[in-house]
Colleague: 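Structure below; questions to follow.
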Amino acid sequence: MKTNFKKIAVDGVVKQNPTLKLVLGTCPTLALTTLAMNGIGMGLAVTFVLICSNVLVSLLRKAIPSQVRIPAFVLIIATFVTIVRLVLEKFMPDLYDSLGLYLPLIVVNCVILARAESFASKNPVLASAADGLFMGLGFTVALTLMGAVREILGAGAIFGVKLWDFQIAFFASSAGAFFTYAIFIAIFCLIENIISKNKKRKEFALATAYTSSNTEVK
Amino acid sequence: MSFFKSIWFRCISCLLAIALISGGLLTILSNLLYVSPEERTSRAMAKIYGAPVEVSAENIIVDIDSDDASKSSPITSNYGELQKIYKVNVNGESFDMVFQAQGNNGYKGGTITLWVKVVFENNLPIKIDKVILQSSDKQTLMSKIGGDFYNRFTLDDVTEDYKNGKVFTGNQKDTANILNPVSGATYSANAGNNAVNCVIDYCWGTN
Amino acid sequence: MAELILIIVSAVFINNFVVVQFLGICPFLGVSKDMKSALGMGLAVTFVMAITCLITYPIYTLILVPLGIEFLEIIVFIFIIAAIVQMIEMALKKFSPTLYNAMGIYLPLITTNCAVLGVAELVIDEAQMIGLLGITSMNLGYAVLYGLFAGLGFTLAIVVMSGLRERVAKLPIAKPLKGFPIAMICACFIAMAFYVFALI
Amino acid sequence: MFYSLLAPVNWGTVGIVLAIVAVIAIVFAILIVLVSKLCFVKEDEKIAAIAENLAGANCGGCGYAGCADFAKALAEGKAELCGCGPTSNEGKAKIAEILGIPFNDSEPTFAVVKCAGGNKCKDKFDYIGNKDCASQIRLQNGKKCCPEGCLGDGSCVGACPDGAVKVINGVATIEKELCEACGLCVRSCPKNLIEFIPRSAKVFVACSTKCRGKETMANCQVGCIGCGL
């Protein structure tokens with residue numbers, strides 16, 4: 001069947017945004033969104049690993065019997081993350097320093113196994129790669145926005161640049177992380193509801209306009 | 001013949017294959033891509049001086065990785081230990097001393113390792129010139145420690161304090177010493193402060 | 001006997017994996033809609049944690065450390081946890097399908113649940129466990145016990161959470177706040193409540 | 001050339017690692033297959049196939065806990081296909097063919113409230129209490145003079161997952177475009193005023209009173225007096 005990439009793209013970033021809609025990968029989201037820089041770093045690392053693990057999983061999906069799918073997927077993901085960590089440490093030390101902290105965290109990130117289990121194990125390679133890419137992008141965008149908000153409110157700075165020294169310690173704390181995350185999901189659902197309603201109305205108006213104009217012609 | 005189609009064989013072979021490939025690949029790669037301590041040191045030097053700096057043997061005072069017994073024991077103090085001490089661009093009396101210091105009692109008992117560069121003139125320590133992070137162990141909240149935490153050590157207004165015996169501390173109540181707190185990661189900041197305190201103890205300390 | 005009480009207090013309250021250290025939040029939020037599935041998930045996680053400590057501790061101390069291949073630790077641990085979760089999934093599918101459907105995608109996610117891997121890593125860390133429990137040396141018994149009570153701490157947190165969420169679900173909340181957002185805000189209050197334990 | 005690349009690898013550890021990993025993998029693979037043999041559940045693959053074609057919205061309109069339960073009920077013949085609104089016609093056609101039952105692709109439908117009274121209908125008393133039709137109806141069959149009239153407290157508004165139902169000047173109205181015909185509102189209305197009508201219907205009677213014309217005229221300005229024109 002033709003995989004329409006537009007649907008996967010919209011799903012990945014908006015309709016099924018892993019952080020805001022499916023609420024997966026909450027551990028790193030809560031822990032790391034104290035700084036916007038972390039959001040980007042973590043997001044890119046996860047995107048990179050997500051794409052490759054989706055490709056690997058969908059390549060092997062027929063070879064892995066369903067009884068042992070979880071250990072097999074987890075093994076693939078863990079191996080892949082370790083390889084990335086070793087390669088980065090050797091050849092790109094500065095990138096490793098900025099990402100170094102997040103790479104072990106990725107192994108424990110639920111988004112990757114969730115996508116491997118629910119999408120990559122059922123779809124061809126190209127679709128899985130696209131899904132990995134857009135899921136990763138959705139994850140990065142959500143994390144960076146949350147990181148920015150928490151950094152501005154919690155530390156009075158953005159990307160490390162000091163804006164003002166008015167700081168609300170609540171947002172830097174973990175309870176604040178929960179709170180910010182809740183507000184983000186609420187706003188996201190609100191906007192998404194409004195958009196989907198208008199889209200349905202427009203589609204319907206288009207459909208009825210077509211049928212009515214067609215009856216007048218007869 | 002049916003054994004090969006049975007679920008037993010397929011499951012075991014699949015898991016075995018993936019496990020073997022990943023185990024083997026990882027071991028080989030970890031040996032191949034092993035970053036040796038020397039390489040780490042040269043990277044740190046590159047970061048401090050902008051270009052990798054060769055340190056000749058006699059300029060190495062302490063180096064835990066070196067096989068020379070007299071130099072391989074780190075200098076420990078109650079703040080942590082100095083693992084490497086190098087003399088760099090020595091011309092006559094004035095030179096730089098670069099320390100790899102490991103501060104103790106961080107978060108969950110972990111440690112933080114910093115590179116600290118101190119400028120010396122006619123054999124007298126003048127000022128802490130640069131501090132960069134080398135690595136941290138079990139400090140999960142490192143993201144909270146930004147650049148200004150490290151630059152704080154090199155500011156001029158603290159230079160007089162640590163020269164006459166004051167040390168860096170994280171808790172606000174201890175007014176006797178120089179305050180250098182970080183909100184949200186007090187333990188890790190504590191380990192960072194301890195690392196620099198080792199250097200201060202060595203340069204301006206009692207010995 | 002004193003160590004036992006210390007283990008219980010530290011694993012369940014002081015270092016509660018979910019609410020103090022914020023590990024394993026995905027299933028904590030995903031499955032706490034009603035009390036029954038929350039209890040099911042809690043017990044499943046407790047079972048996985050106990051068995052994991054039972055298996056990974058000896059593997060680490062008897063095999064990995066003497067041979068000096070510690071870097072393999074993450075891979076082996078995750079593989080074992082995944083195998084245990086796979087077995088539990090089949091057992092649950094057979095013996096209580098309703099609980100199996102209630103947990104859905106969150107059952108395989110126990111594998112990547114940071115709490116389970118967290119407890120496996122914590123238990124093998126000699127220095128910290130001695131500091132935590134005030135015992136002279138670490139052995140398998142303490143490891144399994146700590147895993148068990150860490151799981152029970154997780155169960156306590158998730159059951160409290162599901163109780164809170166069931167009551168909150170009946171309140172007239174704004175439409176976008178329904179579901180996960182209100183669960184997060186409940187978690188925020190629980191986190192504040194447990195914050196006092198971290199100060200001890 | 002190739003060998004020098006692999007020089008630093010010390011083959012001792014590689015061997016040990018392979019041995020350990022192999023042992024662990026084999027032991028756990030056997031354990032898993034053992035458990036899978038013990039807990040073999042005769043999963044009717046028809047259920048999985050049906051679930052594939054259902055809309056998967058888990059809206060509960062069919063009266064079952066979710067699509068998985070509805071699929072199982074369908075496979076056992078306990079539920080009819082039209083119970084599920086959101087599934088598309090081709091989906092239903094595929095399921096029908098799996099189940100082997102005849103399927104005429106029924107006209108897509110949407111829900112409508114068969115009452116237009118609301119503020120135009122007089123009240124017997126002022127109701128001050130829990131803003132929910134189910135609780136209001138316990139009080140003298142609701143505040144409206146017309147016994148079948150819409151009470152306007154919007155328990156159907158909450159029931160609709162797509163937010164298609166709104167209470168406008170006292171009476172519940174359903175937006176044709178947003179309605180997915182899932183049937184949740186039909187069950188939530190204590191007065192059973194909500195029904196499905198085909199989407200192509202141009203007009204419907206927005207009143208379900210059973211009183212005679214004179215009484216309806218007294219109760220409500222827009223009541224249907226059953227003139228039969």
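All chains are named by letter (A, B, ...) in the order of the sequence lines, taking the proteins before the strands, and each is independently numbered beginning at 1.
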Colleague: Please list, chain by chain and in numerical order, all residues satisfying ring pair (Phe, Tyr, Trp, His ring centres under 6.0 Å) with A:Phe178, sequence neighbours excluded.
Modeller: C:Phe22

Colleague: By a 4.5 Å heavy-atom criterion (distance strictly below it), what part of A:Ile112 contacts chain C: side chain, backbone, both, or neither?
Modeller: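 It is neither, since no heavy atom gets under 4.5 Å.
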
Colleague: Non-hydrogen atoms of chain C under 4.5 Å away: do they reach the side chain of A:Ile70, the backbone, both or neither?
Modeller: both

Colleague: For the candidates A:Leu113, A:Leu24, A:Ile77, A:Val68, which exhibits the highest count of non-hydrogen atom pairs separated by less than 4.5 Å from chain C?
Modeller: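 Looking at each option in turn, the highest pair count goes to A:Leu113.
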
Colleague: Does any heavy atom of chain C fall under 4.5 Å from the side chain of A:Val81, the backbone, both, or neither of them?
Modeller: neither

Colleague: Apply side-chain hydrogen bond (donor to acceptor under 3.5 Å, both in side chains) to A:Thr144 and list each qualifying residue two or more places apart in sequence or on a separate chain.
Modeller: none

Colleague: Can you name the residues that form a side chain to side chain contact (heavy atoms under 4.5 Å, CB included) with C:Ala50, not counting sequence neighbours?
Modeller: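 Here the qualifying residues are C:Leu148.
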
Colleague: Can you tell which part of A:Leu30 gets under 4.5 Å to a heavy atom of chain C, answering side chain, backbone, both or neither?
Modeller: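 A:Leu30 touches chain C through side-chain heavy atoms alone.
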
Colleague: Rounded to the nearest 0.5 Å, how far does CD1 of A:Ile64 lie from CG of A:Leu75?
Modeller: 9.5 Å

Colleague: Between C:Ile78 and chain A, with a heavy-atom cut-off of 4.5 Å, which part of the residue counts as in contact: side chain, backbone, both or neither?
Modeller: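 For C:Ile78, backbone and side chain are both near chain A.
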
Colleague: For A:Phe119, I'd like to know if atom CZ has over 12 heavy atoms of other residues, nucleotides or ligands within 6.0 Å.
Modeller: yes

Colleague: Are any side-chain N or O atoms of A:Asn54 and backbone N or O atoms of A:Ser128, one a donor and one an acceptor, separated by less than 3.5 Å?
Modeller: yes

Colleague: Could you go through the side-chain contact (heavy atoms from CB on, under 4.5 Å) check for C:Cys188 and C:Met192 one step at a time?
Modeller: CA-CA 6 Å; C:Cys188 175; C:Met192 283 186 205; 3.7 Å; yes

Colleague: May I have a list of the donor-acceptor pairs under 3.5 Å that connect chain A with chain C?
Modeller:
from	atom 1	to	atom 2	distance (Å)
A:Thr26	OG1	C:Cys26	N	3.2
A:Gln67	O	C:Gln86	NE2	3.0
A:Arg69	NH2	C:Glu89	OE2	3.0
A:Ile70	N	C:Gln86	OE1	3.3

Colleague: Go through the atoms of C:Ile74 and report whether side chain, backbone, both or neither lie under 4.5 Å from a heavy atom of chain A.
Modeller: side chain

